[in-house]
Amino acid sequence: MASSTSSVINLKINGEEYTLPVDHRTTLLDALRERLDLTGTKKGCDQGQCGACTVLLDGRRAVACLQLAVAAEGREITTIEGVADGERLHPVQQAFLDLDGFQCGYCTPGQICSAIGMIEEHAAGWPSAVTEDVRPEAGAPALTSDEIRERMSGNLCRCGAYVSIVEAVARAAEARTDEGRIPSPTREKESMA
């Protein structure tokens with residue numbers, strides 16, 4: 001007996017519920033852009049190498065072009081459209097704006113989503129390939145330019161705005177340290193409801 005190749009799935013995106021039929025081979029990227037008109041998430045290489053399609057799944061970074069939509073069911077998905085709190089920009093967005101962390105802007109949504117996830121990973125003490133002391137008791141390493149570059153290395157910028165991107169991520173990380181954490185846009189909106 002042949003199995004079905006499509007399903008009706010429920011996705012929670014930016015705090016909103018969406019129900020849609022999808023072919024099992026549909027990527028999360030294509031579901032977002034082509035089916036739900038959430039076009040902030042960009043299609044770059046479509047091979048998981050450029051980071052333009054980075055979104056947050058349960059608060060962690062994921063490249064949407066390699067994530068099947070059916071596998072995202074039941075997870076909290078945050079796209080660039082969901083990181084601001086109404087008219088108030090997310091601290092990472094504000095830092096990118098203040099420090100010219102973009103040029104053409106194509107990679108910016110993925111850069112911002114990646115930076116949000118990366119800052120939380122760093123704060124949780126996750127090491128990177130350039131972290132000198134990876135012992136848990138050493139705590140989170142200093143968020144140096146080298147740490148930021150390594151942690152953001154999965155996001156490419158063809159315009160070469162890397163210097164400003166590193167500065168923007170550092171500023172947003174400082175804001176997180178000052179406030180205790182960068183608020184999760186989706187969770188903040190839910191707690192207000």
Side-chain angles (χ1 to χ4, degrees), residues 8-22 26-46 48 50-121 152 154-159 161 164-165 168-169 171-173 175-176 179 181-193:
V8 175
I9 61 172
N10 297 305
L11 298 176
K12 186 174 184 181
I13 306 166
N14 304 325
E16 302 281 331
E17 298 282 342
Y18 297 89
T19 301
L20 66 153
V22 295
T26 303
T27 64
L28 178 57
L29 174 61
D30 287 337
L32 292 170
R33 290 184 57 79
E34 307 300 329
R35 303 293 308 282
L36 300 172
D37 289 328
L38 293 169
T39 57
T41 304
K42 302 302 184 207
K43 185 179 273 198
C45 68
D46 213 19
C50 73
C53 66
T54 303
V55 297
L56 299 171
L57 289 180
D58 298 328
R60 294 188 58 192
R61 304 184 275 178
V63 285
C65 71
L66 297 182
Q67 175 77 37
L68 293 175
V70 294
E73 189 170 29
R75 301 185 68 191
E76 186 177 303
I77 303 162
T78 305
T79 68
I80 191 66
E81 290 92 348
V83 300
D85 182 10
E87 295 296 315
R88 190 182 73 159
L89 295 178
H90 188 282
V92 174
Q93 289 176 302
Q94 189 63 57
F96 267 69
L97 184 62
D98 293 345
L99 297 168
D100 291 329
F102 54 87
Q103 285 185 23
C104 81
Y106 195 82
C107 72
T108 304
Q111 296 272 3
I112 288 171
C113 286
S114 187
I116 292 168
M118 184 231 57
I119 290 168
E120 292 305 314
E121 292 165 9
M152 293 292 293
N155 291 82
L156 304 179
C157 173
R158 295 196 185 277
C159 298
S164 297
I165 290 169
V169 172
R171 180 179 288 179
R176 185 211 183 277
E179 297 173 12
R181 70 176 183 84
I182 292 181
S184 166
T186 305
R187 288 188 192 115
E188 294 286 323
K189 289 174 188 168
E190 288 173 355
S191 67
M192 293 169 54

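Atom set for the values below is all heavy atoms of this structure, side chains included, hydrogens, waters and symmetry mates excluded. Since we're looking at a predicted model, the values are computed, not measured.
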Side chain proximity check, [X] to [Y], heavy atoms < 4.5 angstrom:
X	Y	value
Leu28	Leu57	yes
Val169	Val92	no
Ile80	Leu38	no
Arg75	Gln67	yes
Ile77	Leu56	no
Ile9	Thr19	no
Asn10	Tyr18	no
Val22	Arg35	yes

Requested in this report: For residues 93-119, pull every pair meeting salt bridge (Lys or Arg N to Asp or Glu O under 4.0 Å), keeping only residues two or more places apart or in separate chains.
Outcome: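 The answer is Asp98-Arg171.
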To check you understand the geometry: which heavy-atom pair defines the closest contact between [X] and [Y], and what is its length?
X	Y	result
Gln103	Cys159	OE1-CB, 3.4 Å
Gly40	Glu81	N-OE2, 2.7 Å
Gly48	Cys65	N-SG, 3.2 Å
Gly44	Cys50	CA-SG, 3.7 Å
Gly51	Asn155	O-ND2, 3.0 Å
Ala31	Ala69	CB-CB, 4.0 Å

Query raised in the report: So, Asn14 versus Thr78: side-chain donor-acceptor pair below 3.5 Å or not?
Result: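 The criterion, which ignores hydrogens and geometry beyond distance, is not satisfied for Thr78 and Asn14.
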Query raised in the report: Hey, are Arg61 and Ser114 close enough side-chain-wise for a donor-acceptor pair under 3.5 Å?
Result: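 Indeed, the side chains of Ser114 and Arg61 share at least one donor-acceptor pair under 3.5 Å.
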Interatomic distance, [X] atom [atom1] to [Y] atom [atom2] [nearest 0.5 angstrom]:
X	Y	atom1	atom2	answer
Leu29	Leu68	CG	CG	12.0 Å
Gln111	Phe102	CD	CZ	12.0 Å
Glu73	Leu11	CD	CG	6.5 Å
His90	Cys113	NE2	SG	9.0 Å
Thr26	Leu20	OG1	CG	8.5 Å
Asp37	Leu32	CG	CG	10.5 Å

**Report entry** Short N-O contact, Glu120 and Arg176, less than 4.0 angstrom
**Finding:**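 Yes, charged N to carboxylate O under 4.0 Å.
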Requested in this report: Mind checking side chain to side chain donor-acceptor pair (under 3.5 Å) for Arg33 and listing every partner two or more places apart, or none if nothing turns up?
Outcome: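 Expected list: none.
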Report task. Kindly write out the residues that satisfy side chain to side chain donor-acceptor pair (under 3.5 Å) with Lys42, not counting sequence neighbours, or none if the list is empty. Result ->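 So Lys42 forms no side chain to side chain donor-acceptor pair (under 3.5 Å) with any residue.
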Requested in this report: State whether the side chain of Tyr106 and the backbone N or O of Lys43 hold a donor-acceptor pair below 3.5 Å, judged by distance alone.
Outcome: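 Confirmed, Tyr106 side chain pairs with Lys43 backbone.
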Query raised in the report: Going through the distances and angles, do Cys157 and Ile165 end up as a side-chain contact (heavy atoms from CB on, under 4.5 Å)?
Result: CA-CA 9 Å; Cys157 173; Ile165 290 169; 4.2 Å; yes
